[in-house]
Amino acid sequence: MIYIPTPPPRSSQKQRKDSIRREQRIRNSRLSTRPSLGKKMGNALSTSQGMSTLKIVLIYSILGMVLNWVLPHILIQLYPEILIDDAQYFGTLGAIIITGFFLIISLIKGIIIRNRTQQNGSDTQPSNTPLFNPKNQINRK
């Protein structure tokens with residue numbers, strides 16, 4: 001019979017340190033990190049940009065549902081000889097294309113506007129201008 005030594009029991013102090021480290025790892029893993037900024041971020045919907053994107057997607061999904069319901073009826077009215085299944089297919093396809101086009105255009109527009117406002121806000125003052133210019137200062141030569 002071969003004797004396999006068992007590791008010595010861990011001390012309670014070491015177990016406590018391990019449990020604290022494990023809790024910190026779990027807490028840190030819940031927050032996602034942005035590698036470019038190195039900052040910890042929470043949920044993406046907690047920002048105004050996330051809420052704006054969510055509203056845009058919800059509005060256009062409702063638009064898509066309405067178009068999916070209306071376009072087949074319009075196709076049947078315009079082309080009475082078309083089959084109902086074909087009208088439903090082309091109406092759904094048209095609703096997807098129209099909604100996707102408007103959704104992409106609106107998201108791109110939002111990105112462009114945010115980028116422009118960030119560029120306008122990042123203009124710095126020239127280094128020679130004073131930060132505070134007193135109103136009552138008399139220029140003496």
Side-chain angles (χ1 to χ4, degrees), residues 2-141:
I2 299 175
Y3 174 72
I4 301 174
T6 58
R10 300 175 109 186
S11 68
S12 62
Q13 186 178 9
K14 190 170 184 177
Q15 287 177 348
R16 200 174 325 129
K17 282 183 181 178
D18 288 345
S19 65
I20 291 171
R21 287 181 186 149
R22 188 178 321 117
E23 287 174 13
Q24 288 174 345
R25 253 186 268 129
I26 291 170
R27 193 178 312 126
N28 290 341
S29 68
R30 286 182 187 159
L31 295 173
S32 63
T33 59
R34 241 188 193 176
S36 62
L37 297 177
K39 295 180 182 177
K40 294 181 180 177
M41 292 185 57
N43 190 0
L45 288 178
S46 63
T47 62
S48 61
Q49 180 180 356
M51 288 302 293
S52 172
T53 305
L54 177 67
K55 288 177 186 176
I56 289 170
V57 169
L58 287 176
I59 287 171
Y60 284 113
S61 64
I62 292 170
L63 174 72
M65 288 187 275
V66 169
L67 284 175
N68 189 27
W69 178 61
V70 170
L71 283 180
H73 296 293
I74 293 173
L75 286 174
I76 289 175
Q77 298 248 337
L78 291 176
Y79 304 106
E81 68 277 356
I82 195 170
L83 296 174
I84 294 175
D85 290 337
D86 290 340
Q88 186 67 39
Y89 172 76
F90 289 119
T92 303
L93 188 63
I96 291 171
I97 291 171
I98 292 169
T99 305
F101 175 75
F102 283 126
L103 177 65
I104 289 171
I105 293 298
S106 116
L107 290 175
I108 289 174
K109 184 182 80 170
I111 290 171
I112 291 171
I113 289 173
R114 282 187 201 99
N115 191 15
R116 283 186 185 167
T117 56
Q118 286 176 356
Q119 286 176 353
N120 292 343
S122 67
D123 292 340
T124 59
Q125 262 189 331
S127 60
N128 294 335
T129 59
L131 291 176
F132 301 103
N133 193 5
K135 293 180 181 177
N136 297 331
Q137 183 178 8
I138 301 172
N139 291 335
R140 296 182 185 165
K141 291 185 182 181

List the atom pairs, with distances to 0.1 Å, where a side-chain N or O of residues 55-66 and a protein N or O form a donor-acceptor pair under 3.5 Å, not counting sequence neighbours.
| residue | atom | partner | partner atom | Å |
| --- | --- | --- | --- | --- |
| Ser61 | OG | Val57 | O | 3.3 |
| Ser61 | OG | Leu58 | O | 2.7 |

Without placing hydrogens or testing angles, list every side-chain donor-acceptor pair under 3.5 Å for residues 77-106, not counting sequence neighbours.
| residue | atom | partner | partner atom | Å |
| --- | --- | --- | --- | --- |
| Thr92 | OG1 | Asn68 | OD1 | 2.8 |
| Thr92 | OG1 | Gln88 | O | 2.8 |
| Thr99 | OG1 | Ala95 | O | 2.7 |

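One finds the NE2 atom of His73 at 7.0 Å from the CD1 atom of Ile76 (value rounded to the nearest 0.5 Å). A distance of 6.5 Å separates CG in Leu107 from CD1 in Ile111, rounded to the nearest 0.5 Å.
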